[in-house]
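Presented below is the structure to which this report refers.
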Amino acid sequence: MSKRVSLFVTCIIDQLFPEVGVATVEVLERLGYTVDFPEKQTCCGQPAFNTGYRREAREVACQCVEALR
């Protein structure tokens with residue numbers, strides 16, 4: 001049985017520390033996981049939530065959750 005995971009890469013990792021995302025994939029693959037990176041994943045909504053845009057954050061978060069299902 002193969003082990004499969006979906007990787008959620010936050011915007012901070014994507015924009016500021018991409019090497020962390022690459023290293024995460026490498027570690028997971030060494031542990032025997034197949035790593036899936038859903039192309040439809042978007043912002044999780046955290047920046048909007050932190051600045052008071054709760055409704056907008058929820059919409060974006062729901063879209064991200066769907067992409068990771």
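Along the sequence shown, residues carry numbers from 1.
- Geometric assessment of R54 against the ring of F49 yields a positive cation-pi assignment under the 6.0 Å and 45° thresholds.
- Tracing side-chain contacts under 4.5 Å through hydrophobic residues (I, L, V, M, F, W, Y), one never reaches V27 starting from V22; they form parts of separate clusters.
- Tracing side-chain contacts under 4.5 Å through hydrophobic residues (I, L, V, M, F, W, Y), one reaches V25 starting from V20; they form part of the same cluster.
- A pairwise comparison of heavy atoms in P47 and C11 identifies CG-SG, 4.5 Å as the closest pair.
- In the displayed structure, E19 atom CD is contacted under 6.0 Å by more than 12 heavy atoms of other residues, nucleotides or ligands.
- Nearest heavy-atom pair across L7 and Q41 is O-NE2, 3.0 Å.
- Other residues, nucleotides and ligands contribute more than 12 heavy atoms inside 6.0 Å of the CZ atom of F37.
- Looking at heavy atoms from C-beta onward, V60 lies in side-chain contact with T42 at the 4.5 angstrom threshold.
- Between L31 and K3, the shortest heavy-atom distance links the atoms O-NZ, 3.1 Å.
- Hydrophobic clustering, with ILVMFWY side chains joined whenever heavy atoms are under 4.5 angstrom apart, groups I13 together with Y33.
- Shown here is L68, whose CG atom has more than 12 heavy atoms of other residues, nucleotides or ligands within 6.0 Å.
- The side chain to side chain donor-acceptor pair (under 3.5 Å) test applied to E66 returns R69, not counting sequence neighbours.
- Taking 4.5 Å as the limit, some side-chain heavy atom of R4 sits within range of a side-chain heavy atom of D36.
- The minimum heavy-atom distance between C64 and F8, with the atom names listed, is SG-CE1, 3.5 Å.
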